[in-house]
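Predicted model only: the values in this text are computed from it and were never measured. So you know, we letter chains A, B, ... as the sequences are listed, proteins then strands, and number each from 1.
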Amino acid sequence: MSQDKTPPPPLPDNAPTPRPNFIREMVADDVASGRFGRSVCTRFPPSPTASLHIGHSKSLVLNFGLARDFGGRINLRFDDTNPFTEDIKYVNAIKDDIRWLGFEWDAEFYASDYFERLYEIALHLIRGGKAYVDSQDEEAIRAGRGTVTTPGTNSPDRDRSVEENLALLARMKAGEFPDGAHVLRARIDMAHPNMIMRDPLLLRIRHAPHYRRGNAWCLYPLYDFAHGLSDAIEGITHSLCTLEFKDNRDIYEWLVREAGFETPPEQTEFARLQIDYTVLSKRKLLRLVTEGHVAGWDDPRMPTIAGLRRRGVTPEAIKQFADDVGVARSDARTELAKFEHAVRDDLNMRVPRVLCVVKPLKLVVTNYPEELVEELEAPYYPHDVPKEGTRLLPFCREIWIDRDDFMEDPPKKFFRLAPGREVRLRYGYLVTATDVIKDASGEVVELHCTYDPATKGGNTPDGRKVQGTIHWVSARHAIACEVRLYDRLFSIPDPDAVDEGKDFLSALNPDSQVVVPNAYVERSTAGDAPGSAYQFERTGYFKHDVDASATAGKPVYNRTVSLRDSWEKAKGKG
RNA sequence: UGGCCCUUCGUCCAAUGGCAGGACAGCAGACUUUGGAUCUGCGAAUGGUGGUUCGAAUCCACCAGGGCCAACCA
């Protein structure tokens, strides 16, 4: 036992201390005991069949964090084993997403580069009587597998001679058979209590163009055959995957042992990330895209890395969230609030404040000179954010305020504008509502106020307290813009928990995207670059959409996340 | 008539046989030119029953609840 002799390497000075978890502890133990006789090597093994989502960021943070903190390496390996579903566009998108998150892999590999090696291993298994070619059709193979409570039955081809198996496999590889004519199976136990071990399929024939192999190769490994052996070939020490692969660990270990690897990698499972009001499964996300329920993989409502990026979520927020959630073995579902907290917490310190009126109501300052325009200086950051910078806000007789900031008949605790009430216009003046103008249907269309000239900048020289401060923009100077208000994609916490006969799509939230085509943002944002991020004061965090098909050339701002709103909460209580 | 895994505040994660702790959420207050942020305080949990032990969230047994496995998907 050499437990005490080699302490784990110290963490880099400026790295935040990652939360402890059982995997980190295990790796530390393995490093201390020198178990693998080599440095830590992890891997991130996406299959290029879909874009990455925030669930992957949990795995990314874990795997990259381990490699970094224990002085090891990490491979990016595309587990590309199925020409029917894979696409080079996903390879590129996945690499972009990982880089955007701020991770750099040490080496890039493709399972499809191991096909020849896997073929050699298949030969080795056949020679040892550990694999055979099965010529049953798909249905027969399935029927022969039995069920969870009844053992399977042996294939009639199970006892083919080594020679016959070898010859058949060679012809399979040579392309002599159509898809599905034969498969290679491991020869284990058709009555095994773990169904995965009932002679699992290893290779199948697929005559389809592959984005890396072209048409030259037609023998494609299944996940179980490719994954563990790819790990072993690359010298991975710790192979981390999600809980649903627990049963696959038996075949993982069986194959790596039969193939003769000296210090095989160890598979360890942890619970996948689940978040309320969304789905995090490739297949479901793919359906949302292909069936047009969202605009694409980067739709800002999607929990994909691309969607979150466009929504305005930063890599730092995503990584902080992944760390906050922790790593454990219990199947868990995280509240959306935890994610939103990470997003706000990051953006709060990062982005400038700006004023934007989302639901405009005209306010006329009746005692303000018709032609006068004053330029009022306003800081970009509040006192508690250590950043500098100011801009000028033009103030004039006509301004826009938010409809929600006026109530004709307000409840007691409503601190905003109402007939006869005084509020502060942020960085502007104190104004008092005098008249409410309505149209024929009784809707409020305009508000008349008077202002107090002594309160320029929002100051109260007489020291009087004003409960409410509202945002506003000059009607003569503001920039018309489109604002897109995003909300949870699904209306129930677990979109899979729907009635019999329905699927998760029936739980889609019809109001997940509300487009407001006629908002007004302050002049200072004129010409800002797509990608610019702000806090629209009192409203939320927004990001100038990068590739919007803007309505009438207006800039489009995506709401990343709303501000916490204690007024909304107070209202609900009556 | 199976196998495997899981179960600690509302939620997520710690506590590695020795004072059940943190984060988010919640509540109350302070502060505030964002009903934001910040600060202070409060409430809040070991699924059940037995057993082992001086001592059990932790070990054992049984029960209950939840999850995964019967794709030529990953």
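The same atom, C1', is picked in B:U52 and in B:A61; the two are 11 Å apart, to the nearest Å. Between B:A20 and B:C24, the distance separating the two P atoms is 23 Å to the nearest Å. Using C1' as the reference atom, B:A57 and B:G36 are 39 Å apart when rounded to the nearest Å. Annotation: B:A64 and B:U49 have their C1' atoms spaced 10 Å apart (nearest Å). Taking atom P on both B:U58 and B:G47, the two are 8 Å apart, rounded to the nearest angstrom. Annotation: B:G55 and B:G18 have their C1' atoms spaced 7 Å apart (nearest Å). B:C4 sits 12 Å from B:C62 when the P atoms are compared, rounded to a whole Å. The separation of B:G65 from B:A28, taken at their C1' atoms, amounts to 36 Å, rounded to a whole angstrom.
Taking the centre and axis of the six-membered ring of A:Tyr534, the NZ or CZ atom of A:Lys543 falls outside the cone set by 45° and 6.0 Å.
In this model, a donor atom of one side chain and an acceptor atom of the other lie less than 3.5 Å apart for A:Gln136 and A:Ser155. With 3.5 Å as the limit, one finds a donor-acceptor pair spanning the side chains of A:His471 and A:Asp402. Side-chain N/O atoms of A:Tyr110 and A:Asp79 include no donor and acceptor closer than 3.5 Å. A:Ser135 and A:Arg160 share a donor-acceptor pair across their side chains, judged by distance under 3.5 Å alone. No side-chain N or O of A:Thr432 forms a donor-acceptor pair with one of A:Arg421 less than 3.5 Å apart. Side-chain atoms of A:Lys282 and A:Ser47 form a donor-acceptor pair, as typed in the model, at a separation below 3.5 Å. Using modelled atom types, one finds no donor on one side chain facing an acceptor on the other under 3.5 Å when comparing A:Glu335 with A:Tyr277. Defined by atom type and a distance below 3.5 Å, a donor-acceptor pair is missing between the side-chain atoms of A:Glu266 and A:Tyr252. Using a 3.5 Å distance cut-off with no hydrogens or angles, the side chains of A:His53 and A:Thr304 do not pair a donor with an acceptor. A donor-acceptor pair shorter than 3.5 Å cannot be found between the side chains of A:Gln535 and A:Glu537. In this structure, a donor-acceptor pair under 3.5 Å is absent between the side chains of A:His56 and A:Arg272.
Rounded to an integer number of Å, the gap from A:Phe84 CZ to B:A74 P is 11 Å. Distance CZ (A:Phe270) to P (B:C68): 17 Å, rounded to an integer number of Å. If you take CD of A:Glu244 and C1' of B:A71, they are 15 Å apart, rounded to a whole angstrom. B:U34 atom P lies 16 Å from atom CD of A:Glu522, rounded to whole Å. Taking atom CG of residue A:Asp402 and atom P of nucleotide B:G35, one finds them 12 Å apart after rounding to whole Å. Spacing between atom NZ of A:Lys338 and atom P of B:G22 amounts to 13 Å, rounded to whole angstrom units. We find that CG of A:Leu203 is positioned 14 Å from P of B:C72, with the value rounded to whole Å. The interatomic distance linking A:Gln274 (CD) with B:C12 (P) rounds to 10 Å, in whole Å.
A close approach under 4.0 Å does not occur between any side-chain nitrogen or oxygen of A:Lys569 and OP1 or OP2 of B:G35. Checking the phosphate oxygens (OP1, OP2) of B:C12, no side-chain nitrogen or oxygen of A:Arg333 falls inside 4.0 Å. Using a 4.0 Å cut-off, some side-chain N or O of A:Ser566 falls inside it from OP1 or OP2 of B:G36. Put simply, A:Arg538 has a side-chain N or O that comes within less than 4.0 Å of OP1 or OP2 on B:G35.
In terms of position on RNA chain B, the residue among A:Thr81 and A:Phe22 whose nearest nucleotide sits closer to the 5' end is A:Phe22. Nucleotides of RNA chain B nearest to A:Asp224 and A:Lys456 differ in position, and the one nearer the 5' end is that of A:Lys456.
Among the nucleotides B:C72, B:U34, B:A74, the one closest to the side chain of A:Glu537 is B:U34. The side chain of A:Tyr223 lies closest to B:A74 when the candidates are B:C72, B:U34, B:A74. Here the nucleotide nearest the side chain of A:Arg145, chosen from B:G36, B:A71, B:C12, is B:A71. Nearest nucleotide to the side chain of A:Thr334, out of B:C12, B:G35, B:C72: B:C12.
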Practice item. Begin with the C-alpha distance, continue with both residues' side-chain angles, and end with the deciding distance and a verdict on side chain to side chain donor-acceptor pair (under 3.5 Å) for A:Thr390 and A:Glu377. Key: CA-CA 7 Å; A:Thr390 62; A:Glu377 188 170 39; 3.0 Å; yes
Review point. Ring pair (Phe, Tyr, Trp, His ring centres under 6.0 Å) between A:Trp472 and A:Phe395: does it pass, once the steps are laid out?
Key: CA-CA 9 Å; A:Trp472 57 279; A:Phe395 184 86; 5.3 Å; yes
**Study point:** Worked check of side chain to side chain contact (heavy atoms under 4.5 Å, CB included) between A:Asp157 and A:Val133
**Key:** CA-CA 7 Å; A:Asp157 299 327; A:Val133 173; over 6 Å; no
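Take A:Lys284 and apply the side-chain hydrogen bond (donor to acceptor under 3.5 Å, both in side chains) test, not counting sequence neighbours, and it matches A:Asp496.
Rounding to the nearest 0.5 angstrom, the gap separating the CZ atom in A:Arg158 from the CG atom in A:Asp199 is 4.0 Å. Here the CZ-OH distance, from A:Arg559 to A:Tyr541, works out to 13.5 Å after rounding to the nearest 0.5 Å. The CD1 atom of A:Ile251 sits 14.5 Å away from atom CZ of A:Phe245, with the distance rounded to the nearest 0.5 Å.
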Check your understanding: How would nucleotides 3-10 of chain B be written as a contact map, 5' to 3', with B for base contact, S for sugar-phosphate-only contact and - for no contact, using protein heavy atoms under 4.0 Å?
Key -> BSSSS--B
Review point. Reading RNA chain B 5' to 3', how would its secondary structure be written in dot-bracket notation, given Watson-Crick and G-U pairs with both distances under 3.5 Å, brackets [ ] for crossing pairs and | for partners on other strands?
Key: .((((((..((((....[..)))).(((((.......)))))....(((((..]....))))))))))).....
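In this structure, A:Lys413 reaches the bases: a heavy-atom distance under 4.0 Å links it to at least one base atom across the strands shown. Residue A:Asp179 is out of contact with every strand shown, counting any heavy-atom pair closer than 4.0 Å.
Aromatic stacking of A:Trp567 on B:G35: satisfied, with centres closer than 5.5 Å and planes within an angle under 30 degrees.
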Any N/O pairs under 3.5 Å between the protein and nucleotides 59-65 of chain B? List them or say none.
none

Any N/O pairs under 3.5 Å between the protein and nucleotides 37-44 of chain B? List them or say none.
| unit_1 | atom_1 | unit_2 | atom_2 | d |
| --- | --- | --- | --- | --- |
| B:A37 | O2' | A:Asn348 | ND2 | 3.2 |
| B:A37 | O2' | A:Asp384 | OD2 | 3.4 |
| B:A37 | N3 | A:Asp384 | OD2 | 2.6 |

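Glycosidic conformation of B:A71: syn, with the torsion inside 90° of 0.
Proximity of residues 182-190 of chain A to RNA chain B (heavy atom under 4.0 angstrom from any strand atom) is restricted to A:Val183.
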